[in-house]
Amino acid sequence: MNSPASRSRWMSKTAVNGFLVLAVVYMLFPLVWLVTAATKDTGGLLAGNAFSFEGFNLGENLSNLASYGDGIYFRWYLNSLMYAGGGAIVCSLICVAAGYAFDKYEFRGKEKLFGLVLMGVLVPTTALALPMYLLASKTGLVNTYWSVLIPVLVNPFGVYLARVFSTGYIPNEALEAARIDGAGELRVFWSIGLRMVMPGFVTVFLFQFTAIWNNFFLPLVMLSDRKLFPLSLGLYSWNTNTHGEPSFYPLVVTGSLLAVIPLIVAFVSLQRHWKAGLTAGSVK
């Protein structure tokens, strides 16, 4: 006969596993709906049977998506890849360099300056959109690629995270040995520091890539030329037309399905570094 302690342990495990199953179902539910809904035509979507594969229409939806507006959707796709990919790489490099400098160098006012960086974490990005628009307007950058790219090159949380990784991954002895061998500071950072803190670089990259890929408000404020839109803004512009023109529904749903592919690819391909980075960051 099972003891009370054994029954209590079993009930605890069951409760925890049940909660995890519900959490997984809750997170996967929208994705499953998106996959099945992308196979429907306008009538199938409006009929409310999106969870079945009856009337499979994915091929025609993809064809319509590619042909509508002379292929404007895939221009938006390339724009998003440029904004998110290029912006995340440059931002991650800047964050890692700044975190490395805050960790390994001593200079006047270092902690006060780092405190200002941490204060930047508390400021919501939407609150900065209007000031950034006014600055971009003064410099003539409104409605250009740069108006979206330049603001995403700075991430205060990424600097904080990079300093944590630098403290945990880069021993001071390795840097001193490189300096004794005659390496300059840039060479020390590029050849030793950056390589050692690569899990942190990947972690910051994934956070920033996801944030830029899903960025909506900044492009909405900065851009008016449809050819410069990222996917988030382009799909939103289509979605606003669905009430008057229901034929946009399959375009929006199918476009949304394709839009999640880069995020899945990025997380799956970089998950080894990402898991190591999150583990290290949680114990430092």
Side-chain angles (χ1 to χ4, degrees), residues 19-40 45 50-53 56-66 68 71-93 95-96 125 148-149 152 155 157-158 161 165 198-219 229-239 249-282:
F19 175 78
L20 291 176
V21 169
L22 288 176
V24 170
V25 171
Y26 176 79
M27 288 184 291
L28 291 180
F29 185 81
L31 183 60
V32 172
W33 182 92
L34 190 61
V35 171
T36 56
T39 66
K40 302 295 177 186
L45 284 172
F51 281 104
S52 71
F53 284 99
F56 193 85
N57 202 55
L58 180 60
E60 185 175 344
N61 288 344
L62 291 173
S63 176
N64 293 337
L65 190 68
Y68 184 84
I72 188 67
Y73 173 82
F74 290 102
R75 185 182 182 94
W76 295 340
Y77 211 100
L78 291 176
N79 289 342
S80 287
L81 288 175
M82 182 190 67
Y83 292 139
I89 289 175
V90 176
C91 176
S92 300
L93 186 59
C95 289
V96 169
T125 55
V148 177
L149 267 176
V152 301
N155 183 357
F157 178 72
L161 201 60
F165 280 108
M198 189 54 66
F201 180 91
V202 173
T203 303
V204 175
F205 172 83
L206 286 174
F207 280 134
Q208 192 68 359
F209 183 88
T210 304
I212 301 172
W213 188 267
N214 295 325
N215 194 7
F216 170 77
F217 193 65
L218 180 64
F229 283 4
L231 276 176
S232 57
L233 188 55
L235 291 174
Y236 169 78
S237 68
W238 280 356
N239 192 54
Y249 277 117
L251 296 179
V252 172
V253 173
T254 308
S256 299
L257 176 62
L258 296 183
V260 303
I261 293 176
L263 297 177
I264 295 174
V265 170
F267 273 87
V268 171
S269 60
L270 300 173
Q271 64 176 332
R272 178 171 61 88
H273 297 288
W274 175 56
K275 289 179 180 178
L278 286 182
T279 304
S282 66

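Count residues from 1 along the sequence. Because the structure is a prediction, the values reported are computed rather than measured.
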Closest heavy-atom pair, Thr39 versus Val35, reported as atoms and distance to 0.1 Å, is CG2-O, 3.6 Å
- Item | Check: Ala259 main-chain N/O paired with Trp213 side-chain donor or acceptor under 3.5 Å | yes
- Taking Asn61 for its side chain and Lys40 for its backbone only, find out whether a donor-acceptor pair lies under 3.5 Å. yes
Under a 4.5 Å cut-off applied to non-hydrogen side-chain atoms, are Thr210 and Phe267 in contact? yes
Taking every heavy atom of Val253 against every heavy atom of Leu34, the minimum-distance pair comes out as O-CD1, 3.6 Å
So CG of Leu258 and CG of Leu62: to nearest 0.5 Å the spacing works out to 6.0 Å
Minimum side-chain heavy-atom gap Leu235-Ser256 below 4.5 Å:
yes
>> Quick check against the 3.5 Å criterion: does Tyr83 have a side-chain atom that pairs as donor or acceptor with the backbone of Asn215?
In response: no
Rounding to 0.5 Å, atoms OH (Tyr236) and CG (Asn239) come to a distance of 8.5 Å
Original post:
Are the side chain of Thr36 and the backbone of Trp33 linked by a donor-acceptor contact shorter than 3.5 Å?
Top reply: yes
| said: Donor-acceptor check, side chain of Ser237 to backbone of Gly234, threshold 3.5 angstrom: yes or no? | reply: yes
Heavy-atom nearest pair, Pro199 first then Thr203, reads O-OG1, 2.8 Å
Check whether any side-chain N or O of Gln208 sits under 3.5 Å from a backbone N or O of Val152 as a donor-acceptor pair, and report yes or no. yes
Nearest heavy-atom approach of Ser92 to Phe201 is CB-CE1, 3.6 Å
When every non-hydrogen atom of Cys91 is compared with those of Asn155, the smallest separation belongs to SG-CB, 3.7 Å
TODO: Start with the C-alpha distance between Val204 and Phe157, add both sets of side-chain angles, then the distance that settles side chain to side chain contact (heavy atoms under 4.5 Å, CB included), and finish with yes or no.
DONE: CA-CA 9 Å; Val204 175; Phe157 178 72; over 6 Å; no
Rounding to 0.5 Å, atoms CG (Asn64) and CG (Asn57) come to a distance of 8.0 Å
| said: So Ile72 and Arg75, do their side chains get closer than 4.5 Å, heavy atoms only? | reply: yes
In Trp238, Phe74, Tyr73, Trp76, the residue satisfying ring-ring contact (aromatic ring centres under 6.0 Å, His included) with Tyr68 is Trp238
> Would you say the side chain of Phe209 lies within less than 4.5 Å of the side chain of Ile89, judging by non-hydrogen atoms?
Replying inline: no
One should read off an interatomic distance between Ser232 OG and Ile212 CD1, to the nearest 0.5 angstrom, of 11.5 Å
